[in-house]
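See below for the structure under consideration.
Letters A, B, ... are given to chains in the order of the sequence lines, protein chains preceding strands, and every chain is numbered from 1. When reading the values below, keep in mind they use all heavy atoms of this one structure, side chains included, and skip hydrogens, waters and symmetry mates.
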There are 2 protein chains.
Amino acid sequence: MEQHRQFVAAQANIFKALGHPSRLLMVEALRHHEKCVCELQSLVGDDMSTVSKHLSILRQAGVVSAERRGNNIYYRLTLSCLDAFLSCTSRMVENRILSLSRILDKN
Amino acid sequence: MEQHRQFVAAQANIFKALGHPSRLLMVEALRHHEKCVCELQSLVGDDMSTVSKHLSILRQAGVVSAERRGNNIYYRLTLSCLDAFLSCTSRMVENRILSLSRILDKN
DNA sequence: CAGGAATTTTGCTTTTTTGCCAAAAAGCCA
DNA sequence: TGGCTTTTTGGCAAAAAAGCAAAATTCCTG
């Protein structure tokens with residue numbers, strides 16, 4: 001019983017990690033290629049230390065993993081199944097925006 | 001450019017909604033059947049008002065929808081593609097717990 | 001080894017989220 | 001209508017998350 005609670009909490013942690021615009025943006029960018037922190041930073045535009053903290057949250061949740069090469073640290077996506085789900089949520093958001101603009105057009 | 005930011009934020013909202021143990025627990029329970037609020041409340045054990053607030057967050061994110069029948073309000077899952085992703089994150093958490101216990105066993 | 005670049009950690013303040021209580025809504029039924 | 005049940009809302013205090021700046025770490029290069 002308690003075991004299941006912990007299990008659910010760990011899963012919720014994955015969602016929580018993905019539930020921030022900057023973090024999701026970075027994860028999306030990592031769908032194709034690995035990227036170094038500096039690239040991710042210029043993508044989201046936040047302070048470097050903020051980006052680093054975001055990345056550590058994603059790492060701890062198991063969404064991404066990091067590898068150092070020289071001065072740079074490269075991040076890659078490890079949560080492979082995310083792709084299908086992202087396409088799905090993106091479709092969903094698209095539809096919601098569409099129906100919203102239909103409503104707005106009527107007024 | 002700004003459009004994409006908003007898009008990502010809306011998507012992140014879905015993840016944020018799922019990123020809480022009680023909410024994820026309820027969503028999991030809704031995978032099979034719709035349930036009334038009282039059933040969900042006894043599942044998570046929180047105060048009724050807390051449960052209701054959680055549900056409204058899930059509703060706003062578009063994860064669930066509600067329908068009133070008599071005194072009760074029934075919630076059902078609307079984010080259909082969630083199923084595959086949940087199986088995936090659950091597999092992942094399982095593996096992490098397994099490898100964690102292997103490490104602990106060694107000590 | 002000193003200097004420099006990339007990244008993380010720490011400390012701190014501000015903002016957001018959580019969760020309980022009390023009160024209000026909404027629907028049922030007598 | 002009045003009382004009962006179920007659910008939502010508003011308000012508030014406590015807990016958690018976010019973000020910036022300064023300091024520390026790590027690795028490269030001369």
Measure from NZ or CZ of B/Arg59 to the centre of the six-membered ring of B/Tyr75, then state whether that distance is under 6.0 Å and the direction lies within 45° of the axis.
-> no
Do A/Gln11 side-chain atoms and B/Leu86 backbone N/O form a donor-acceptor pair below 3.5 Å?
-> yes
What's the closest nucleotide to the A/Ile73 side chain, out of D/dT8, C/dC20, C/dT7?
-> C/dT7
OP1 or OP2 of C/dG19 less than 4.0 angstrom from a side-chain nitrogen or oxygen of B/His20, does that happen here?
-> yes
Bend angle of the helix from C/dC1-D/dG30 to C/dA30-D/dT1, end axes from five pairs each (to 10°) = 30°
Atom pairs, N/O to N/O, protein against nucleotides 21-24 of chain C, distance under 3.5 Å?
residue	atom	partner	partner atom	Å
C/dC21	N4	B/Ser49	OG	2.8

Keeping the roles fixed (side chain from A/Glu39, backbone from A/Cys36), state whether a donor-acceptor pair exists under 3.5 Å.
-> yes
Gap between atoms CG and C1', on B/Leu58 and C/dT17 respectively (whole Å) | 14 Å
Please determine if a side-chain N or O atom of A/Tyr74 lies less than 4.0 Å away from the OP1 or OP2 oxygen of C/dA6.
-> no
Atom OH of B/Tyr75 and atom C1' of D/dT6 are separated, to the nearest Å, by 12 Å
Pairwise side-chain contact, A/Thr50 with A/Val44, heavy-atom cut-off 4.5 Å (strictly under) | no
With rounding to the nearest 0.5 Å, note down the distance linking OG1 in B/Thr89 to CG in B/Leu24.
-> 7.0 Å
What is the distance from CG of A/Leu24 to P of D/dA18, rounded to the nearest Å?
-> 13 Å
Spatial distance of atom CE (A/Met92) from atom SG (B/Cys81) [nearest 0.5 Å] = 8.0 Å
Against the side chain of B/Met48, the closest entry in C/dT8, D/dT8, C/dT17 is D/dT8
Between CZ of B/Phe15 and C1' of D/dA17 the distance, given in whole Å, is 19 Å
Atom pair distance, as rounded to whole Å: CD in B/Gln41 and P in D/dT6 = 10 Å
Rounded to the nearest 0.5 Å, the CZ atom of B/Arg23 sits from the NZ atom of B/Lys16 at a distance of 9.0 Å
What distance do A/Leu43 atom CG and A/Cys38 atom SG have between them, rounded to the nearest 0.5 Å?
-> 11.5 Å
Side-chain N or O of B/His54 less than 4.0 angstrom from OP1 or OP2 on C/dT17?
-> no
Close N/O contacts between protein and nucleotides 27-30 of chain D (under 3.5 Å):
residue	atom	partner	partner atom	Å
D/dC27	O2	A/Asn71	OD1	3.0

How long is the gap from CG on B/Leu40 to OG on B/Ser52, to the nearest 0.5 Å?
-> 10.5 Å
Specify the separation, in whole Å, of atom CD1 of A/Ile57 and atom P of D/dA16.
-> 14 Å
Can any side-chain N or O of B/Glu67 pair as donor or acceptor with the backbone N or O of B/Ile73 at less than 3.5 Å?
-> no
Would a hydrophobic clustering, with Ile, Leu, Val, Met, Phe, Trp and Tyr connected at side-chain separations under 4.5 Å, put A/Leu25 with B/Phe7?
-> yes
Taking CE from A/Met26 and C1' from C/dT7, how many angstroms apart are they, rounded to a whole number?
-> 13 Å
Interatomic distance where NZ belongs to B/Lys16 and C1' belongs to C/dT16 [whole Å] | 8 Å
Check for a donor-acceptor pair, side chain of B/Arg68 on one end and backbone N or O of B/Gly70 on the other, with a separation under 3.5 Å.
-> yes
